[in-house]
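Taking it in order: structure first as structure tokens, then the write-up.
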Amino acid sequence: MFALHDLPGLNEWAPFVWMSLFAAGALFFLHRTYGHYMAELQHALGRRFGGSADALVLTSEFLAEEQLPASPAEVQALIDALEDKTQRRAATAQLLQLDSSVLPELIQTLESPTASDALVRRVAQLCARQPVPASRQALVALARRANLHQRETALRALRPMEQVETDAPIFQALVQEEMRLAHQLLQGIAAFSHDELRRCLYYELAKVQQRIFGLLFQLYPPHIIADAQRGVDHAARERQANALEILDNIIPRSLYQGLQALLDVAPVAEKVRVFDRLLGPLSQPARVVPFIVEQGEVAFSDWTISVALRHWHAEPPTIRLLLPYIHSSNYLIRESAFFVLKKLSERQPELYEQLTDAEPALPALLMSHTHATTATISARDRVHILQQTALFAETPENVLSSIVPIMREVSFRDGQQIFAKGDLGTSLFIVYGGEVGIFNGTQHLTTFRKGDFFGELALLDAEPRSASAVAQGEVVAFRLDQEDFYDVMEERSEVLRNIMKVLCQRLRRQNEKMQTQAPLSNPA
């Protein structure tokens, strides 16, 4: 502008050029700011509501288009996308939009021996939304498999479907199979005094009971079975007894006596005698640990297998059972398998040599695993850490083990801010070592130490943090992210139920505290 004052000849056109350049620059920076704002908004909404912006756009575009027949390859691509958390929601919506035309590919996935349990569960839910004979037959076939986790998935998917009388013999045979498994578990509980192993067997026994009720839904009036199951799950003994009385009139007497024994508070030995009378004595009554190791991941939870491996006495005919566990994708099971391998190398070198002859790479695997575990906290210790926190104190180890894979070990320096007030909360923290101070500005609110947790509301709702967290000294903690935790809650509803119970107890105590303080603040 000063230059234009000294050069009057430019006054006719230069101001317009200058203002045009200024406007172009302003528009450029405004565009960049808007793009940055939209990216941050999509990131925040993606964390809060699950799924990515790409998935939401993909769904809206698909729903806006006219429905066209999809090729088998396209349907299979959508099924594969169910394992990708960023595309899962969009893929599910599209598969539902395609209706029964996708059933052949869904059934093929259910029949695949390589499909993961998580994928099978999601595909079974899609089949349940297609109440046609083909989908029911596929789910019944899934329930007949030796994989008890997939059987539980199939029974849950079959529950809203109408019963088919010709399938009754199949479900009756499965009930007897579950009763025999309960018999085996009761024998194991009676034979072992180790508390940790007994807790595992009781958990597996509870899962057997759930599957039996799932089978009863396919054999008897569903509303009666639902009422009975709700009563059986109740803590009051009188309510449980009344629920069993409902079943006494519709199920076989032997099955009623078996369920009554499972729910009774009588000594385990008495329960075993009831099952001996109903099913006949077991041929090998005290061999539950080898039975668990032999059945493996298709029948038992990872924590039960982990505990059983640590109590397993390997023998030459069965030593090769250890090999699949060493290569398991589950870190907890793999950790226990290497524990057994190390113990063999120290105490039973002949069995260790037998294994290394079968797989020469075992010594190198054992060495690398030993170095890896010394640099981090073991999966087994992480389960115990979770159990020592109030949020998960009443949750069985068999359920807590599913949280271990999403526990991120993090460390903070003295004075380092973990999160600030107003930040979007998406993670829960559990203190493993050191102290964490919680501040509202400069006001110190509280201090968390080993075993304490903070930021738990972020697991359920991504709202801004109400206070700041600062490390007071060196801190080691575990971080649980919301998106990962949603996946765990999808697989294990017990986790969500326990968290809701703890949070409700906190809310109740806070309400009681406010009620006791109200008369003091009211002058009337």
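Numbering starts at 1 and runs along the sequence shown.
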>> side-chain contact (heavy atoms from CB on, under 4.5 Å), that's the test. Do Leu96 and Arg129 meet it? Break it down for me.
In response: CA-CA 8 Å; Leu96 289 174; Arg129 303 283 292 271; 3.8 Å; yes
>> Name the residue from Leu139, Val164, Thr153, Leu142 that meets the side chain to side chain contact (heavy atoms under 4.5 Å, CB included) definition with Leu158.
In response: Leu139
>> If you compare all heavy atoms of Leu82 against all heavy atoms of Ala91, which two are closest, and at what distance to 0.1 Å?
In response: CD2-CB, 4.1 Å
> Thr92 versus Arg122: any side-chain heavy-atom pair under 4.5 Å?
Replying inline: no
> Atom CD1 in Ile385, atom CG in Leu400: separation rounded to 0.5 Å?
Replying inline: 11.5 Å
> Can you check whether Gln187 reaches Leu201 side chain to side chain, under 4.5 Å on heavy atoms?
Replying inline: no
>> Is there a side-chain contact (heavy atoms from CB on, under 4.5 Å) between Glu435 and Phe448? Walk through the geometry before answering.
In response: CA-CA 6 Å; Glu435 297 182 351; Phe448 292 115; over 6 Å; no
> Where is the tightest heavy-atom contact between Ala299 and Glu204, given as atom of each residue plus distance?
Replying inline: O-OE1, 4.2 Å
> Tell me, which pairs form a side-chain hydrogen bond (donor to acceptor under 3.5 Å, both in side chains) where one or both residues lie in residues 387-402, sequence neighbours left out?
Replying inline: Arg199-Glu397, Ser301-Asn398, Asp302-Ser401, Thr304-Asn398, Glu394-Lys501, Thr395-Asn498
>> Between Arg382 and Met407 (side chain of the first, backbone of the second, donor and acceptor by atom type, cut-off under 3.5 Å), is there such a pair?
In response: yes
> Once you round to the nearest 0.5 Å, how far does CG of Leu185 lie from NZ of Lys207?
Replying inline: 13.0 Å
>> Using only atom types and a distance under 3.5 Å, with no angle test, would you say the side chain of His149 pairs donor to acceptor with the backbone of Glu297?
In response: yes
> Do Tyr202 and Ile189 have side chains that get closer than 4.5 Å, going by heavy atoms?
Replying inline: yes
> Is there a side-chain contact between Pro316 and Leu351, using heavy atoms and a 4.5 Å cut-off?
Replying inline: yes
>> When you measure from the side chain of Asp84 to the backbone of Ala81, do you find a donor-acceptor pair of N or O atoms at a distance under 3.5 Å?
In response: no
> Is there a donor-acceptor contact under 3.5 Å from the side chain of Arg156 to the main chain of Gln125?
Replying inline: no
>> I need the Gln348 CD to Leu355 CG distance, nearest 0.5 Å.
In response: 10.5 Å
>> Could you report the tightest heavy-atom contact between Val289 and Ala308, atom names first, then the distance?
In response: CG1-O, 3.4 Å
>> Can you list everything that forms a side-chain hydrogen bond (donor to acceptor under 3.5 Å, both in side chains) with Arg479? Sequence neighbours excluded, please.
In response: Asp481
>> Quick check: closest heavy atoms across Leu110 and Ala138, and the distance to 0.1 Å?
In response: CD1-CB, 4.1 Å
>> Restricting to side-chain hydrogen bond (donor to acceptor under 3.5 Å, both in side chains), what partner residues turn up for Arg320, sequence neighbours left out?
In response: none
> Restricting to pairs with a member in residues 349-361, which pass side-chain hydrogen bond (donor to acceptor under 3.5 Å, both in side chains), not counting sequence neighbours?
Replying inline: His327-Glu359
> Hey, does Leu181 have a side-chain heavy atom less than 4.5 Å from the side chain of Phe291?
Replying inline: yes
>> A side-chain contact here means heavy atoms from C-beta on lying under 4.5 Å apart; do Gln76 and Thr109 qualify?
In response: yes
> Residues two or more places apart in sequence or in another chain: which of them pass side chain to side chain contact (heavy atoms under 4.5 Å, CB included) with Ala261?
Replying inline: Val274, Phe275
>> Tell me whether Lys342 at atom NZ has more than 12 heavy atoms from other residues, nucleotides or ligands lying less than 6.0 Å away.
In response: no
>> Between Arg380 and Glu335, does any side-chain N to carboxylate O distance fall below 4.0 Å?
In response: no
> So how far is it from Asp484 CG to Arg408 CZ, rounded to the nearest 0.5 Å?
Replying inline: 5.0 Å
> Which pairs count as salt bridge (Lys or Arg N to Asp or Glu O under 4.0 Å) when at least one residue sits in residues 425-434, sequence neighbours excluded?
Replying inline: none
>> Run the side-chain contact (heavy atoms from CB on, under 4.5 Å) test on Leu322 and Trp312 for me, step by step, so that the C-alpha distance in whole Å, both residues' side-chain angles and the decisive distance to 0.1 Å come before the verdict.
In response: CA-CA 10 Å; Leu322 186 63; Trp312 181 48; 4.1 Å; yes
> About how many Å separate CG of Leu424 and CD of Gln482, when rounded to the nearest 0.5 Å?
Replying inline: 8.0 Å
> By side-chain hydrogen bond (donor to acceptor under 3.5 Å, both in side chains), which residues pair with Gln257, not counting sequence neighbours?
Replying inline: none
> Within the side chain of Ser328, is there an N or O that forms a donor-acceptor pair under 3.5 Å with the backbone of Pro324?
Replying inline: no
> Taking side chain as C-beta onward, heavy atoms only, is Val102 less than 4.5 Å from Leu78?
Replying inline: no
>> Ignoring hydrogens, what is the shortest heavy-atom contact between Tyr325 and Gly296? Give both atom names and the distance.
In response: OH-CA, 3.0 Å
> Where do Ala157 and Ala128 come nearest, in terms of heavy atoms and distance?
Replying inline: O-CB, 3.4 Å
> Is there a side-chain contact (heavy atoms from CB on, under 4.5 Å) between Leu428 and Leu391 once you walk through the steps?
Replying inline: CA-CA 11 Å; Leu428 159 76; Leu391 192 62; 3.9 Å; yes
Tabulate below the donor-acceptor pairs under 3.5 Å that side-chain atoms of residues 169-178 make, not counting sequence neighbours, or state none.
from   : atom 1 : to     : atom 2 : distance (Å)
Glu177 : OE2    : Arg151 : NH1    : 3.3
Glu177 : OE2    : Arg151 : NH2    : 2.8
Glu178 : OE1    : Arg211 : NE     : 3.2
Glu178 : OE1    : Arg211 : NH2    : 3.3
Glu178 : OE2    : Arg151 : NH1    : 2.8
Glu178 : OE2    : Arg211 : NE     : 2.8

> Which distance, rounded to the nearest 0.5 Å, do you find between the CZ of Arg136 and the SG of Cys127?
Replying inline: 13.0 Å
>> Are Phe454 and Val431 packed together at the side-chain level, in the sense that at least one heavy-atom pair is separated by less than 4.5 angstrom?
In response: yes
>> Using the side-chain hydrogen bond (donor to acceptor under 3.5 Å, both in side chains) criterion, which residues pair with Arg230? Sequence neighbours excluded.
In response: Asp227
> Who passes side chain to side chain contact (heavy atoms under 4.5 Å, CB included) against Asp414, sequence neighbours left out?
Replying inline: none
> What residue pairs, at least two apart or across chains, pass salt bridge (Lys or Arg N to Asp or Glu O under 4.0 Å) with a residue in residues 262-275?
Replying inline: Glu270-Arg273
>> Test of understanding: with side chain to side chain contact (heavy atoms under 4.5 Å, CB included), list the residues that count as partners of Ser336, not counting sequence neighbours.
In response: Ser306, Leu309, Arg310
>> Classify the ring geometry of Phe419 against Phe429: parallel below 30°, tilted from 30° to 60°, perpendicular beyond 60°.
In response: tilted
